[in-house]
Novice: 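Below you'll find the structure I mean.
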Amino acid sequence: MINITLKDGTSKQYPKGITVGEVAKDISRGLFRAAVAGKLDGETVDLMQPINNDVQLNILTFDDIEGKKAFWHTSSHIMAQAVQRLFPDIKLAIGPSIDNGFYYDFDTDRPFTPEDLEAIEAEMTKIVKEDLELERFEMPRQEAIDSMAEKGESYKIELIEDLPEDSVISFYRQGEFVDLCAGPHVSSTGKVKAFKLLSLAGAYWRGDEKNKMLQRIYGVAFPKKGQLDEYLNRLEEAKKRDHRKLGRELDLFSIHEEGPGFPFFHPKGMVIRNILEDFWRKEHVKRGYEEIKTPIILNQDLWVRSGHWDHYQENMYFTNIDDGDYAIKPMNCPGSMILYKRKMYSYRDLPLRIAELGLVHRHELSGALHGLMRVRCFTQDDAHIFMLPEHIKDEIVGVIDLVDYFYKQFGFNYHVELSTKPEKAMGSDEDWDLAISALKEALEEKNMEYIINEGDGAFYGPKIDFHLEDSIGRTWQCGTIQLDFQMPERFDLTYIGADGDKHRPVMIHRVVFGSIERFIGILIEHYAGAFPTWLAPVQVRFLSITDRSNQYIQKLAREFEDLGIRVETDLRNEKIGYKIREARLQRIPYMLIIGDKEVESQQIAVRSRDEGDLGLMEVEDFIDRIKKEIKQKGQ
RNA sequence: GCCAAUAUAGCUCAGCUGGUAGAGCAACGGUUUCGUAAACCGUAGGCCAGGGGUUCGAGUCCCCUUAUUGGCUCCA
């Protein structure tokens, strides 16, 4: 007999060799039905897995992340099986589960069509009905390679060859389909009750653009039909808050064929932009930053000196002035260097925090452009902090606090990544190690969780990135803090130390919004277009019942404007319901409805976007209310 | 840049296997002066993304270009 400790801490005796599934069945039939996999001492395993010694066991259902992974992994096998039945000539590459479903990559000369997806789905339905059991088995390395060679599965051979010498090479079989796979999997194909293939895409083998492009099919699957419907519904809802759609409907910005990746900001979009910038300026002054503005075009020699010519050229635009070669800035730092060098600094002047809202241009691949999130020109809310080595940690902590303060203001959740030295980098490994440990130290002092992104740093230094989520869960890098020992060296920056000698300062590059454009895109999706009053392009719209109230409205509107409240009037000869509908579609925080009654009593009828009809109010009371709300910035 | 899909009026979309472009909303003109999410009638609006081809005839078929979308790669 063996002792099995369950999730709730209780332990039970079972005969040696009992399977995970049998334990689940012993606990309850319901749990057995919901079970998709198990977790033995932290390792996820199949339900068929026998247990031979005392362990801690968790029964995983679809509600567990690892359970979902197993479920989706099996779904990807079902899809691959269907594809192989319909298109026997295809080669299998890889088919993992992902955060929201699964995919499988196939190699075939014949491109899949949307009709193929339907046929594949139909075949998958059959496989699910066949309720094929999944069976795990292992093979010695050479045998595994031979067996894959026999099937012509060259990608699988490559995968096996890359496995470490001592690793167990396991396969899963369901009916006639066999795939190299570490597992775990659900016990039979019949469990995958509801699924949908979502999209077709090209994907490079092993994510390397030098490799062949394979065809990837994405899908999702659930144990119940209702869950699938709910998921698809959520996707539909998310599409409604897409910033590209709302940007058009709310008249905030547009992008035209004449300037792919170069967004135009409309008057209402500019209101949001200007408010963000005002807020930004105020907070930066408070924290000891000074603001500068450097030119967009600077001569090519500067970019050679900064290292951009060697490391960033393919992302830059170039131009020519009077036979001289110039570049359009892709970053603000070299301009900031020039300003630092304009005079001498004492160690007492440092740290020096120099901020710049700088418009940069970068050549992004056409296929990468995406609304305001990925553009070819954007404004960075940049700053360069020049400092002594002993300032490093405090300055980084200061920036982390600033970023956190900003993101909290908008109610964002974010996650942090630390990126290390890339292949194409300047500087010695020692410098990089020093810089990386400084960043780590700051993160640890703030008790921040972070993931490490190996080789993803900027060419001049490692960075801490702050990532925000869009409406469908994709994350976008916004804030970043980059520690740089290289630029000060390249530009021979100095300060005079207490010893009277020249010393080299260290610098930080950092942004908080990241790109104002991207940040606005994320804000639009975050609020689904319903901006809090302090950010709303129009805060109040007056709606007339009849034209008898026009004069009163115009008088009030002028008063509100004088108080700095952003107002619009709708005096059209339309029914009130129609005007309310339009104002609601524009997500305007307050509608003030003015008819004969209001003119008579010199009051206003207030309708709030969030709370509905608030009834009659004194004008003064409403002004107090909205002013307070604006001051609180939606907190 | 690569793979795939898409491109019809300001917006959302019809237009079947080729026979000469249509709706709703918006705009404009009129009627209606109305109380909390869409009044009524009328008018105008399109080089069907651009270019080339096949055909007696192309929005529909083919090719090229551009842009967009979903991915891959890259990144704020």
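Predicted model, so just to flag it, every value in this text is computed and none were measured. Reckoned from all heavy atoms, side chains included, excluding hydrogens, waters and symmetry mates. The sequence lines fix the lettering, A, B, ..., with proteins before strands; numbering per chain opens at 1.
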Novice: Arg206(A) side chain N/O closer than 4.0 Å to the phosphate oxygens (OP1, OP2) of rC72(B)?
Specialist: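 Arg206(A) to rC72(B) OP1/OP2: no side-chain N or O under 4.0 Å.
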Novice: Counting neighbours of NZ on Lys293(A) that are heavy atoms of other residues, nucleotides or ligands and sit closer than 6.0 Å, is the number greater than 12?
Specialist: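 Enclosed: over 12 neighbouring heavy atoms sit under 6.0 Å from NZ of Lys293(A).
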Novice: Measure from NE2 on His415(A) to P on rA76(B) and round the result to the nearest Å.
Specialist: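 After rounding, the reported distance stands at 13 Å.
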Novice: Between rA58(B) and rU17(B), how far is it from one C1' atom to the other, in whole Å?
Specialist: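 So the two C1' atoms sit 14 Å from each other.
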Novice: When you check the phosphate oxygens OP1 and OP2 of rC74(B), does a side-chain N or O of His363(A) lie under 4.0 Å from one of them?
Specialist: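 For rC74(B), OP1/OP2 do not have a side-chain N/O of His363(A) under 4.0 Å.
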Novice: Which value, rounded to the nearest 0.5 Å, describes the distance between Asp465(A) atom CG and Asp456(A) atom CG?
Specialist: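 Going from CG on Asp465(A) over to CG on Asp456(A), the span is 7.5 Å.
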Novice: Reckon Arg244(A) has a side-chain N or O less than 4.0 Å from the OP1 or OP2 of rU69(B)?
Specialist: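 Checking rU69(B) against Arg244(A), a side-chain N or O does come within under 4.0 Å of OP1 or OP2.
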Novice: Heavy atoms under 4.0 Å, any strand shown: does Gly207(A) hit a base, just sugar-phosphate, or nothing?
Specialist: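 The residue Gly207(A) makes sugar-phosphate contact but no base contact.
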Novice: In whole Å, measure the gap between the P atoms of rA14(B) and rG1(B) for me.
Specialist: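 After rounding to an integer number of Å, I get 29 Å for this pair.
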Novice: Counting Watson-Crick and G-U wobble pairs whose two distances are both under 3.5 Å, find the runs of 3 or more in a row that involve RNA chain B.
Specialist: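 Stems (3+ consecutive pairs) listed as B:1-7 with B:66-72, B:10-13 with B:22-25, B:27-31 with B:39-43, B:49-53 with B:61-65.
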Novice: Quick check on salt bridge (Lys or Arg N to Asp or Glu O under 4.0 Å): which of Arg244(A), Lys239(A), Lys240(A) does Asp242(A) satisfy it with?
Specialist: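 One option only clears the test, and that one is Arg244(A).
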Novice: Give a yes-or-no answer on whether the side chains of Tyr552(A) and Glu600(A) include a donor-acceptor pair shorter than 3.5 Å.
Specialist: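 No, because no side-chain N or O of Tyr552(A) sits under 3.5 Å from a partner of the opposite role on Glu600(A).
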Novice: How would you label the contact of Val375(A) with the nucleic acid (heavy atoms, under 4.0 Å): base, sugar-phosphate, or nothing?
Specialist: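 Base, at least one base atom sits under 4.0 Å.
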Novice: Could you work out the separation of rG15(B) and rA21(B) based on their C1' atoms and round it to a whole Å?
Specialist: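 Looking at atom C1' only, rG15(B) and rA21(B) are 8 Å apart.
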Novice: By the 4.0 Å heavy-atom rule, please label Tyr204(A) as base, sugar-phosphate, or nothing.
Specialist: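 If one applies the 4.0 Å heavy-atom cut-off, Tyr204(A) turns out to touch a base.
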Novice: Angle between ring planes, Phe412(A) versus Phe410(A), binned at 30° and 60°: parallel, tilted or perpendicular?
Specialist: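 Phe412(A) and Phe410(A): tilted rings.
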Novice: Taking atom P in both rC64(B) and rA5(B), compute the distance separating them and give it to the nearest angstrom.
Specialist: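 Each nucleotide's P atom is 12 Å from the other's.
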Novice: What's the gap between rC34(B) and rA49(B) when it is taken at their C1' atoms, as a whole Å value?
Specialist: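 Pairwise C1' distance, rC34(B) against rA49(B), rounds to 44 Å.
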Novice: For rA76(B), take OP1 and OP2 only and decide whether either is under 4.0 Å from a side-chain N or O of Lys463(A).
Specialist: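 Checking Lys463(A) against rA76(B): at least one side-chain N or O falls below 4.0 Å of OP1 or OP2.
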Novice: Reckon Ala605(A) touches a base, only the sugar-phosphate, or nothing at all at heavy-atom distances under 4.0 Å?
Specialist: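 Result for Ala605(A) = base.
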Novice: Hey, does Lys597(A) reach any base, or is it just sugar-phosphate, or nothing, if we go heavy atoms under 4.0 Å?
Specialist: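 Touches a base.
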Novice: For rC75(B) and Arg518(A) - does any side-chain N or O of the residue sit under 4.0 Å from the phosphate oxygens OP1/OP2?
Specialist: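 For rC75(B), neither OP1 nor OP2 has a side-chain N or O of Arg518(A) closer than 4.0 Å.
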Novice: Mind telling me whether Phe513(A) and Phe519(A) have parallel, tilted or perpendicular rings, with 30° and 60° as the class edges?
Specialist: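 Taking Phe513(A) first and then Phe519(A), their aromatic rings sit tilted (interplane angle of 30° to 60°).
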Novice: Just say parallel, tilted or perpendicular for the rings of Tyr407(A) and Phe466(A), cut-offs at 30° and 60°.
Specialist: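 Taking Phe466(A) first and then Tyr407(A), their aromatic rings stand perpendicular (interplane angle over 60°).
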Novice: Might you list the N or O atoms of the protein lying below 3.5 Å from N or O atoms in nucleotides 59-67 of chain B, with each pair's distance?
Specialist:
{"from": "rU66(B)", "atom 1": "O2'", "to": "Glu257(A)", "atom 2": "OE2", "distance (Å)": "2.8"}

Novice: Please check if any side-chain donor atom of Tyr218(A) sits under 3.5 Å from a side-chain acceptor atom of Asn100(A), or the reverse.
Specialist: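 There is no such pair between these side chains.
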Novice: Are side-chain N/O atoms of Glu598(A) and Gln603(A) paired as donor and acceptor at under 3.5 Å?
Specialist: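 The criterion, which ignores hydrogens and geometry beyond distance, is not satisfied for Gln603(A) and Glu598(A).
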Novice: When we call it a touch if two heavy atoms are under 4.0 Å apart, what does Glu364(A) touch: a base, just sugar-phosphate, or nothing?
Specialist: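 If one applies the 4.0 Å heavy-atom cut-off, Glu364(A) turns out to touch a base.
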Novice: Can you work out whether Tyr218(A) or Glu598(A) has the more 5'-proximal nearest nucleotide on RNA chain B?
Specialist: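 Its nearest nucleotide being more 5', the pick is Glu598(A).
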Novice: To the nearest 0.5 Å, tell me how far Thr108(A) OG1 sits from Asp116(A) CG.
Specialist: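 Nearest 0.5 Å value for the OG1-CG distance: 9.0 Å.
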Novice: Within the structure shown, what part of the strands sits under 4.0 Å from Gln586(A) by heavy-atom distance: base, sugar-phosphate, or nothing?
Specialist: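 Answer is nothing: Gln586(A) stays at 4.0 Å or more from every strand.
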Novice: State whether Lys91(A) and Glu153(A) are salt-bridged, where the test is any N-O pair (Lys NZ or Arg NE/NH1/NH2 against Asp/Glu carboxylate O) under 4.0 Å.
Specialist: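 Salt bridge flag = no for Glu153(A) with Lys91(A).
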Novice: Which is true for Ile576(A) with a 4.0 Å heavy-atom rule: it touches a base, it touches only sugar-phosphate, or it touches nothing?
Specialist: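 Here Ile576(A) touches the backbone only, sparing every base.
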Novice: Mind checking Arg362(A) for me? I need base, sugar-phosphate or nothing, with any heavy atom below 4.0 Å counting as a touch.
Specialist: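 Touches a base.
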Novice: Using the C1' atom as the point on both nucleotides, what is the distance between rG59(B) and rC16(B), in whole Å?
Specialist: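 Those two atoms are separated by 14 Å.
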Novice: Where along nucleotides 3-14 of chain B does protein come under 4.0 Å, by heavy atom, of base (B) or sugar-phosphate alone (S), with - for untouched nucleotides?
Specialist: BS------SS--
Novice: Under a 4.0 Å threshold between the charged nitrogen and the carboxylate oxygen, would Lys463(A) count as salt-bridged to Glu417(A)?
Specialist: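 Salt bridge: no.
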Novice: When we call it a touch if two heavy atoms are under 4.0 Å apart, what does Arg584(A) touch: a base, just sugar-phosphate, or nothing?
Specialist: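 If one applies the 4.0 Å heavy-atom cut-off, Arg584(A) turns out to touch a base.
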Novice: Aromatic contact between Tyr460(A) and Phe485(A), with the criterion being ring centroids under 6.0 Å apart: yes or no?
Specialist: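 No - the distance between ring centres of Tyr460(A) and Phe485(A) does not fall below the 6.0 Å cut-off.
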Novice: Between Phe378(A) and rA76(B), do the rings stack, that is, sit under 5.5 Å apart with planes less than 30° off each other?
Specialist: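 It does: the ring sits over the base of rA76(B).
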Novice: Are side-chain N/O atoms of His256(A) and Ser254(A) paired as donor and acceptor at under 3.5 Å?
Specialist: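 Checked: His256(A)/Ser254(A) side chains pair up, N/O donor to acceptor below 3.5 Å.
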Novice: Tell me what Asp208(A) touches on the nucleic acid: a base, only sugar-phosphate, or nothing, going by heavy atoms under 4.0 Å.
Specialist: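 No contact at all - Asp208(A) keeps every heavy atom at 4.0 Å or more from the nucleic acid.
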Novice: Tyr578(A) side chain N/O closer than 4.0 Å to the phosphate oxygens (OP1, OP2) of rA26(B)?
Specialist: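 Result: yes.
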